[in-house]
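The chains referred to below are lettered A, B, ... by the order of the sequence lines, with proteins before strands, and numbering in each begins at 1. Note that this is a predicted model, so its numbers are computed, not measured.
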Protein chains: 2
Amino acid sequence: MTDSRDNKQAIISGALELFSKKGFDGTSTAEICERAGVTKPTMYHYFGSKEGLLDDILLIHYKSFLDNLSMAATLPEDIPLTFFRLAKVYFDNALRDEPFFRFRAGLTLRNGEDTAYISSKKYIEQEGKIITDFFYTASQHIGNIRGKETLCTISFIGTINATISAYLQTGDEALVSDDTIYRLRQQFLYGIYS
Amino acid sequence: MTDSRDNKQAIISGALELFSKKGFDGTSTAEICERAGVTKPTMYHYFGSKEGLLDDILLIHYKSFLDNLSMAATLPEDIPLTFFRLAKVYFDNALRDEPFFRFRAGLTLRNGEDTAYISSKKYIEQEGKIITDFFYTASQHIGNIRGKETLCTISFIGTINATISAYLQTGDEALVSDDTIYRLRQQFLYGIYS
DNA sequence: ACATTTGTATACCGTTCGGTATAATATGCA
DNA sequence: TGCATATTATACCGAACGGTATACAAATGT
């Protein structure tokens, strides 16, 4: 018997790549299985349903991402440091796991009834909460963002994602460098809403 | 007989709203017809296929959007003015036609094999060309963005869309005000890459 | 050695999908 | 009025979808 974890992992990573390119509804279970080199009963043996597979994918990838975000925000009073760390988690995660970034980013601007969005909603909200909490802490020391914590959050995530997307399209590594983070930090904390 | 344009328009606007919420692949033709109050043969009489309907929707909405963008860029040498006008087209269009914005924005970060993305690709490229052309003109007068025209384009579109999305979620009208455009302009032309 | 668990393959099911054949109905024009 | 042209409704099609019953093969624990 081949190692079961190989097949399971092949299904997960292959499916995520397909979802990120063609969307959840645009990808068939047959396609997922063919790409992973398994048959449908094998996939249903592991995940129970197409949505179960999606849930597993989201759980695994979001857990690592959100854990890293939370760890980056353990010293929220050190505002410049925390901003830097948070942005770095976004960059690192996207470079290490491009399909997951594409999948995530494609959902961020779509707040509707898309199957994949509904399943991702709770994680997107957790992500938002971590960033919002940080901006609330920051606003206690930096007056000009007070009252704008929510919009700081949305703009922060949107701008970071746009920057990563720009890197993935152009290959310009300067985009995901520390310098970029310094500039974004300057804008968000001291410039953008003054 | 009811006015045919009513039905045709009802199908178009209803379908766009469904597509923006549930995605193209996640919306069934039966759903589209039910919402528009017509039967499937009626829809197929007008549009030939589900993709034909999508193409018509894209043609109508993108034409207006791209025309406005082109008109905003008729004086590219006046860089501050053109930047302002371009951003304003994005804001105005999104406020006037929210479903189309959501649909567009949901595709921007997803460069893959999604059905809706493939059909939209040519328009997205036209949009990109208009903005890129502007930044090339601007870079002839503003040295610090030279060589970064493509990434300026992607970041500009991404940041604008993130800002609009923030407005749609928070309802904070200050986000889509002229002041926001002034700040973005300052950042993009004189601050962000210096 | 053998029962049990785990994983895989063949073949298939019911449903929903996009799409259509047919015919009835409403309108514009003669 | 009656003909021609659009437009709509009923009813249906083949294909693809998500999902499964069954049985068999490989590993594991005793």
**Item:** Among dT8(D), dG7(C), dG19(C), the nucleotide that comes nearest once only the side chain of Y46(B) is considered
**Value:** dT8(D)

**Item:** Stacked cation flag K21(B) on Y117(A), 6.0 angstrom / 45 deg
**Value:** no

**Prompt:** Nearest of dT8(C), dG18(D), dT8(D) to any side-chain atom of K50(A)?
**Reply:** dG18(D)

**Asked** Can any side-chain N or O of S165(B) pair as donor or acceptor with the backbone N or O of N161(B) at less than 3.5 Å?
**Response** no

**Request:** Using the ring pair (Phe, Tyr, Trp, His ring centres under 6.0 Å) rule, pick out the option among F101(A), Y90(A), F91(A) that qualifies with F65(A).
**Result:** Y90(A)

**Prompt:** Choosing from dG19(D), dC17(C), dA9(C), which nucleotide comes nearest the side chain of S28(B)?
**Reply:** dC17(C)

**Request:** Grab the NZ-P distance between K8(A) and dT8(C) for me, whole Å please.
**Result:** 12 Å

**Prompt:** At under 4.0 Å between heavy atoms, what does T39(B) touch on the DNA or RNA strands: base, sugar-phosphate, or nothing?
**Reply:** base

**Message:** Counting only side-chain nitrogens and oxygens, does Y44(B) get under 4.0 Å of the OP1 or OP2 atom of dT20(C)?
**Reply:** no

**Request:** For a salt bridge (Lys or Arg N to Asp or Glu O under 4.0 Å) with E127(A), tell me which candidate from K121(A), R104(A), K63(A) qualifies.
**Result:** R104(A)

**Message:** Does dT7(D) have OP1 or OP2 under 4.0 Å away from a side-chain N or O of T42(B)?
**Reply:** no

**Item:** N/O donor-acceptor pair, side chain K40(B) with base dG19(C), under 3.5 angstrom
**Value:** yes

**Message:** Quick check on DNA chain C: between P41(A) and H45(A), whose nearest nucleotide comes earlier from the 5' end?
**Reply:** H45(A)

